[in-house]
2 protein chains.
Amino acid sequence: MTLAEENYLKAIYHLEQQFKKGVSTNALAEEMNTKASSATDMVKKLAEKKMVTHVPYQGATLSKAGRDYAVKVIRRHRLWEVFLVEKLNFSWDEVHEVAEHLEHINSDKLVNELDAFLEFPIYDPHGDPIPDKDGNFKTVEKIILAKAEIGFTYKCIGVDDTSSEFLKYLDSNSIGLGTIIKILHKEPFDNSIKLEIEDSEIVVSQSVAKNLYLKKV
Amino acid sequence: MTLAEENYLKAIYHLEQQFKKGVSTNALAEEMNTKASSATDMVKKLAEKKMVTHVPYQGATLSKAGRDYAVKVIRRHRLWEVFLVEKLNFSWDEVHEVAEHLEHINSDKLVNELDAFLEFPIYDPHGDPIPDKDGNFKTVEKIILAKAEIGFTYKCIGVDDTSSEFLKYLDSNSIGLGTIIKILHKEPFDNSIKLEIEDSEIVVSQSVAKNLYLKKV
DNA sequence: ATTATAATTTAGGCAAATCTAAAAATATGT
DNA sequence: ACATATTTTTAGATTTGCCTAAATTATAAT
Ligand SMILES: [Mn+2]
Ligand SMILES: [Mn+2]
Ligand SMILES: [Mn+2]
Ligand SMILES: [Mn+2]
């Protein structure tokens, strides 16, 4: 598996969560920051390698082998993110880019020893679950802030967007994993939401509301 | 700098130590396990990027920029080797291959934090010096076992060949960094050498004698 | 000083991953 | 149902790093 193939597998995996059907060429191209024609080429290559099934014009779906491989790359990515934060003083907005490269180093001993060194972490710095050596992980029960109910209290347990910009925004508003958030008001006009965080009130936009994962407490 | 370019720069750097003159195309091709025509192509590319100077038919020489870059990659390589041995339970014969990949991840923060996390090590697991953040490192005073003098006592401080086969051979003969070795006899017939190591005597071949670095004690 | 040998470069091609532009298939709206 | 819009695929190029085979240059031997 080449570096590009691994990145495409991961992208297809993530997109399958959203669009339950086959992953469309356009969606894949957008996720990979390439053109649709490039996505088509790669999907055909992955199909030849039995990593995806591809019905022309109907999108791509991961095979068992493809999903297993994607989970393996995701395991590496998230373990390296933990390493960077826990051991090398990276903040959660700095790890993604570097992990994007580290995830492609293919050595079982490396990954499994890293896992042990980190004492088998279950979540990465963004609240995402880390698959174990056999690819198993618990799916996290979570709702998006946009769908939280007024008057209830939630705990922040994850983010969808892991861009540096979004994470720095959260930092500057004292929002992180574990932060307790009470929903005060939802503004129908622009879908913004007023929150209470540690006795102070803030209003967040719709794009924030769609990228923050919560759990009822 | 691409991955291939970085590997070529490192190879040229290492070959410059031996052949003080320009590095020949054939030597470079052999080091890189490619063909001479490929080496020529890459040398021309590196020359365009001002990383080497290339006089056709006369070999390649690193420029200041090229040497600095090579040292940077070597720093990364050796730091990761220390990490693998010190933190992830790798043995000295397992680290090279993985470090060969890790060395290409280009993040100053990553490398400098790793350096600090490892408490600024000076030598890698094979006794090679680790350049600091500014590319400075002490050259190690060392002689090759083949040139050691009969009757004198030495300390093993490095290896030239870092292949798994050679390092495992050393392990099985209780030779490692720091091992004290007395030269008992040099056999002119096949250039083998009889050594005393911790009260036991062993005979090593010429190829071993050319790959072990010693320091008089 | 030629000639033979060895080293190096050039020429032409290939596979991976990308692109633009054009063609084909699917989806949508009235 | 059919024209239009959108999505997807194909066709043809490009770049990187590698190859083989052939031509060129340098080195060694007589
Ligand atoms: Mn990646
Ligand atoms: Mn993450
Ligand atoms: Mn390398
Ligand atoms: Mn080493």
Side-chain angles (χ1 to χ4, degrees), chain A residues 1-13 15-16 18-62 66 69-70 73 100-101 103-106, chain B residues 1-13 15-16 18-62 66 69-70 73 100-101 103-106:
Chain A
M1 285 290 125
T2 67
L3 189 145
E5 286 168 351
E6 289 187 348
N7 284 332
Y8 269 92
L9 281 182
K10 226 177 36 154
I12 296 168
Y13 180 91
L15 291 168
E16 270 189 347
Q18 303 168 37
F19 313 92
K20 284 295 181 192
K21 298 293 168 55
V23 172
S24 80
T25 300
N26 266 358
L28 184 54
E30 195 187 351
E31 178 83 10
M32 294 299 299
N33 294 308
T34 58
K35 300 305 166 72
S37 53
S38 305
T40 299
D41 285 349
M42 183 56 85
V43 164
K44 286 163 76 173
K45 190 148 71 98
L46 291 173
E48 270 170 33
K49 294 195 174 188
K50 309 286 185 195
M51 288 289 166
V52 306
T53 55
H54 179 228
V55 183
Y57 297 97
Q58 299 301 129
T61 314
L62 288 174
Y69 202 104
V73 177
E100 202 55 49
H101 297 284
E103 72 187 359
H104 300 291
I105 292 171
N106 187 3
Chain B
M1 286 289 127
T2 67
L3 188 144
E5 287 167 351
E6 290 187 347
N7 285 332
Y8 269 93
L9 282 182
K10 225 178 36 155
I12 296 168
Y13 180 91
L15 290 169
E16 270 188 346
Q18 303 168 37
F19 313 91
K20 284 294 178 190
K21 298 293 168 53
V23 172
S24 79
T25 300
N26 266 358
L28 184 53
E30 194 187 352
E31 178 84 8
M32 293 300 297
N33 294 308
T34 58
K35 299 306 166 74
S37 54
S38 304
T40 299
D41 285 350
M42 183 56 85
V43 164
K44 285 164 77 174
K45 191 148 70 99
L46 290 172
E48 270 170 33
K49 294 195 173 187
K50 308 285 184 195
M51 289 290 165
V52 305
T53 56
H54 179 226
V55 183
Y57 298 98
Q58 299 300 128
T61 313
L62 288 175
Y69 201 106
V73 177
E100 202 54 49
H101 296 284
E103 71 187 0
H104 301 291
I105 294 171
N106 189 2

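The structure presented is a predicted model; accordingly, all values stated were derived computationally and were not measured. Each chain gets a letter, A, B and so on, in the order its sequence line appears, and its residues count up from 1.
Atom-to-atom, NZ of A:Lys21 to P of D:dT7 comes out at 17 Å; the value is rounded to the nearest Å. Atom-to-atom, CG of B:Asn26 to C1' of D:dA26 comes out at 13 Å; the value is rounded to the nearest Å. Here the P atom of nucleotide D:dT16 and the CD atom of B:Glu6 are 15 Å apart, to the nearest Å. Atom NZ in A:Lys49 sits roughly 14 Å away from atom P in C:dA15 (whole-Å rounding).
Applying the 6.0 Å contact sphere to CD of B:Glu30 captures no more than 12 heavy atoms from other residues, nucleotides or ligands.
At a threshold of 4.5 Å between non-hydrogen side-chain atoms, the residues A:Ile105 and B:Ile105 count as touching.
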- request: Could you walk me through whether B:Lys49 and B:Glu5 pass the side chain to side chain contact (heavy atoms under 4.5 Å, CB included) test, one step at a time?
  value: CA-CA 10 Å; B:Lys49 294 195 173 187; B:Glu5 287 167 351; 3.0 Å; yes
message: For B:Met42 and B:Met32: C-alpha separation, side-chain torsions, deciding distance, then whether side chain to side chain contact (heavy atoms under 4.5 Å, CB included) applies.
response: CA-CA 11 Å; B:Met42 183 56 85; B:Met32 293 300 297; over 6 Å; no
message: Between B:Tyr69 and B:Leu46, is the side chain to side chain contact (heavy atoms under 4.5 Å, CB included) condition met? List the steps.
response: CA-CA 12 Å; B:Tyr69 201 106; B:Leu46 290 172; over 6 Å; no
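In the region residues 29-44 of chain A, proximity to DNA chain D at under 4.0 angstrom, judged on heavy atoms, holds for A:Ala36, A:Ser37, A:Thr40, A:Lys44. Within residues 50-61 of chain A, the residues that have a heavy atom under 4.0 Å from DNA chain C are, in order of number, A:Tyr57.
No side-chain donor-acceptor contact under 3.5 Å links B:Glu6 to the backbone of B:Val73. Counting only distance, with no hydrogens or angles, the side chain of B:Glu31 and the backbone of B:Leu15 share no donor-acceptor pair below 3.5 Å.
Listed by chain and residue number, B:Lys10, B:His96 satisfy the side chain to side chain donor-acceptor pair (under 3.5 Å) test with B:Glu100 (two or more places apart in sequence, or in another chain).
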